[in-house]
Number of protein chains: 2
Amino acid sequence: MKYYGALEAGGTKMVLSIMDETGNVREQTRLPTKTPAETMPEMLAFFSAQPISALGIGGFGPLNLDRHSPRYGSIMETPKLAWRNFPLMQVFRDHLHVPVGLDTDVNAAALAETRSGAAKGKENCLYVTVGTGIGGGVIIHGKPVHGLMHPEIGHITVVPEPNDPMPLGICPYHPHCLEGLASGPAIEKRWGKPARELPPDHPGWELESAYLAQLCSNAVLSFSPEVIILGGGVMQQHFLLPMIRDKVLKLLNGYIAHPAIVTDMAEYIVGPGLGTRSGITGAFLLALEAEKEQVRQEETEQETQDTV
Amino acid sequence: MKYYGALEAGGTKMVLSIMDETGNVREQTRLPTKTPAETMPEMLAFFSAQPISALGIGGFGPLNLDRHSPRYGSIMETPKLAWRNFPLMQVFRDHLHVPVGLDTDVNAAALAETRSGAAKGKENCLYVTVGTGIGGGVIIHGKPVHGLMHPEIGHITVVPEPNDPMPLGICPYHPHCLEGLASGPAIEKRWGKPARELPPDHPGWELESAYLAQLCSNAVLSFSPEVIILGGGVMQQHFLLPMIRDKVLKLLNGYIAHPAIVTDMAEYIVGPGLGTRSGITGAFLLALEAEKEQVRQEETEQETQDTV
């Protein structure tokens with residue numbers, strides 16, 4: 001039996017897991033995300049304690065995912081200053097001597113959802129987590145979207161609701177971006193208490209669902225996902241999903257006349273099929289993929305040598 | 001030498017072309033888009049006049065591009081009522097007896113731009129045309145994006161500018177969607193004269209560039225294109241591009257700290273490399289692809305028969 005390391009590297013906590021090749025968890029632990037100097041040695045110790053064939057990381061970002069860049073695998077412009085420019089992938093590779101796969105935490109989660117979750121069998125999906133921040137992973141043609149960098153869909157501009165007492169939001173970069181208006185901290189700042197303490201009939205939920213509906217509607221129009229998955233702490237309020245669906249229908253207003261939208265909306269905007277395990281499962285899939293890629297590279301090198 | 005048919009099927013005009021296998025135009029004509037009863041016979045006559053190996057169509061939409069649907073290849077919910085539900089691809093295939101490839105006009109244009117235009121060598125791009133309507137084609141991982149249906153990015157919600165005298169726009173489906181605020185007809189309705197008659201210092205261009213900047217900024221954040229190409233009649237005002245770039249930088253505000261954005265914006269948001277020929281060139285590429293796919297299908301069928 002082979003084993004794989006999976007790391008969900010979040011801004012507030014790290015989830016570390018060792019899984020066997022079928023994805024069964026053999027060991028798992030959590031660590032608070034402090035500075036690299038404090039947290040890296042603990043993580044390296046965990047993953048060194050048993051032989052693993054590869055490591056997969058779903059990480060908070062923005063990340064440098066450009067394979068041609070000398071800083072491939074580093075964390076980029078992040079408010080968590082201690083981690084800015086930290087070469088996350090490289091440090092793990094140098095210490096563990098195994099292939100390391102890296103993607104955003106949300107791309108990893110989206111990937112996992114297409115393999116065995118709410119988007120199973122789909123080639124295109126959007127996975128969004130609404131919590132301390134708002135992040136989105138996008139799968140198109142079966143693969144995570146990177147492009148120039150990777151999606152940062154939490155920061156799209158949305159239209160402030162006319163009755164929003166905090167219409168500019170709290171994002172230090174962007175007035176009335178989605179994260180600044182609809183993340184957990186935005187809700188708490190606006191109403192003076194955390195989201196989980198707002199009763200279902202609180203006006204805050206009308207605002208919250210309106211902002212998340214704008215995200216969903218614009219995503220449908222921009223890149224046409226086959227399913228939209230909304231997870232994260234704020235989405236634990238299960239009355240939110242139906243409110244969002246209703247508002248998406250109103251926003252699209254019959255223009256996208258596809259049955260998935262018009263008649264099957266309840267199966268189109270959904271919660272994660274893997275619950276809170278999308279991210280760590282995605283990290284495991286990235287480990288498998290990193291191992292496969294290493295094999296492919298070695299085969300290519302062997303062929304080149306044979307030819308010479 | 002083999003020949004291919006290429007059709008750019010627009011809402012106001014049809015561009016029909018016969019090209020040789022290297023893409024050189026042998027014949028080309030234009031027809032006004034009337035009803036199917038009037039326009040289809042003329043188009044069929046053009047493409048029947050010489051033997052072609054395949055036909056590619058870049059069409060106005062929305063289109064049904066779901067290969068598993070019984071209505072694959074039909075036009076869907078369109079304001080051009082005579083064309084609603086018209087089985088465009090099927091009618092050409094039945095009459096011409098050649099493989100027919102179909103995608104949106106803007107996906108076709110985007111594809112052409114990645115092969116030989118402003119996105120040459122890129123795997124990910126957004127192509128937008130700003131004219132009678134606003135439409136966008138998206139290439140990700142080297143292939144046009146369909147997903148649930150296909151992008152309809154002209155209809156995303158944008159934030160009305162505070163000084164816009166027509167802040168709700170003119171889209172019959174969506175208040176303050178991009179097309180309703182920034183298409184050619186929206187400009188004409190707002191200012192009482194067509195876009196081409198507004199001088200470069202007219203306040204209308206500040207509005208126009210602000211709305212198109214919102215599109216670009218949200219696209220960067222949503223699916224991270226490697227290049228954004230803006231074409232169409234309204235973009236013939238060449239002072240618009242620099243205005244849009246400036247506003248995109250302000251909107252992103254340093255959050256996407258990629259050199260393509262921060263230092264090389266002049267090469268990031270650009271005009272079409274193929275000028276006004278992106279669409280018809282894309283249709284030609286769709287014809288080549290349709291032929292290849294037919295060959296692949298026949299090979300698969302042959303293998304299946306051989307196995308039996």
Side-chain angles (χ1 to χ4, degrees), chain A residues 62 64-66 69 76-77 122-126 136 138-160 171-178 214-215 217-228 251-261 268, chain B residues 62 64-66 69 76-77 122-126 136 138-160 171-178 214-215 217-228 251-261 268:
Chain A
N64 185 327
L65 299 177
D66 175 3
S69 164
M76 296 170 71
E77 187 73 17
K122 309 284 191 200
E123 295 270 297
N124 307 277
C125 88
L126 167 64
V138 181
I139 305 293
I140 292 185
H141 302 314
K143 293 190 291 187
V145 171
H146 297 159
L148 184 68
M149 201 171 85
H150 54 71
E152 279 285 337
I153 203 165
H155 289 269
I156 61 166
T157 298
V158 294
V159 185
C171 174
Y173 291 92
H174 312 116
H176 52 84
C177 80
L178 180 68
Q214 280 193 50
L215 164 73
S217 165
N218 279 351
V220 168
L221 295 161
S222 297
F223 56 89
S224 196
E226 291 174 282
V227 59
I228 296 177
L251 284 170
L252 291 174
N253 194 23
Y255 185 73
I256 302 295
H258 192 288
I261 303 281
Y268 184 70
Chain B
N64 184 328
L65 299 177
D66 175 3
S69 163
M76 295 169 72
E77 186 73 19
K122 309 283 191 200
E123 295 269 298
N124 307 278
C125 88
L126 167 65
V138 182
I139 305 292
I140 293 185
H141 301 316
K143 293 190 291 186
V145 171
H146 297 160
L148 184 69
M149 201 171 87
H150 54 71
E152 280 286 339
I153 203 165
H155 289 269
I156 61 165
T157 299
V158 292
V159 186
C171 173
Y173 291 92
H174 312 116
H176 53 83
C177 80
L178 180 69
Q214 280 194 49
L215 164 73
S217 164
N218 279 351
V220 168
L221 295 161
S222 296
F223 55 89
S224 196
E226 290 174 282
V227 58
I228 296 178
L251 285 169
L252 291 174
N253 194 23
Y255 185 73
I256 303 295
H258 191 287
I261 304 282
Y268 184 71

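We name chains A, B, ... by the order of the sequence lines, and we start the count at 1 in each one. Given the structure is predicted, the values throughout are model-derived calculations rather than measurements.
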Report summary line: d(C125(A) SG, I139(A) CD1) to nearest 0.5 Å is 5.5 Å
Query raised in the report: About how many Å separate CD1 of I256(B) and CG of L148(A), when rounded to the nearest 0.5 Å?
Result: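 Going from CG on L148(A) over to CD1 on I256(B), the span is 8.0 Å.
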Shortest non-hydrogen contact from [X] toward [Y]:
X	Y	value
C177(B)	C171(B)	SG-CB, 3.5 Å
P225(A)	L126(A)	CB-N, 3.8 Å
L252(A)	S217(A)	CD2-OG, 3.6 Å

Report which part of [X] has an atom under 4.5 Å of a heavy atom belonging to chain A: side chain, backbone, both, or neither.
X	answer
P259(B)	neither
M149(B)	both
H146(B)	backbone
V158(B)	backbone
Q214(B)	side chain

Between [options], which has the largest tally of heavy atom pairs under 4.5 Å with chain A?
options	value
Y173(B), F223(B), Y255(B), Y268(B)	Y255(B)
H258(B), H150(B), K122(B)	H258(B)
A219(B), G147(B), S224(B)	S224(B)
N218(B), V145(B), N124(B), N253(B)	N218(B)

**Report entry** Selection from H176(A), H155(A), E226(A) maximising heavy-atom pairs under 4.5 Å formed with chain B
**Finding:** H155(A)
Query raised in the report: With chain B, which of L221(A), I156(A), N64(A) has the greatest number of heavy-atom pairs at distances under 4.5 Å?
Result: L221(A)
Query raised in the report: Relative to chain B, which segment of P62(A) carries a heavy atom at a distance below 4.5 Å: side chain, backbone, both, or neither?
Result: side chain
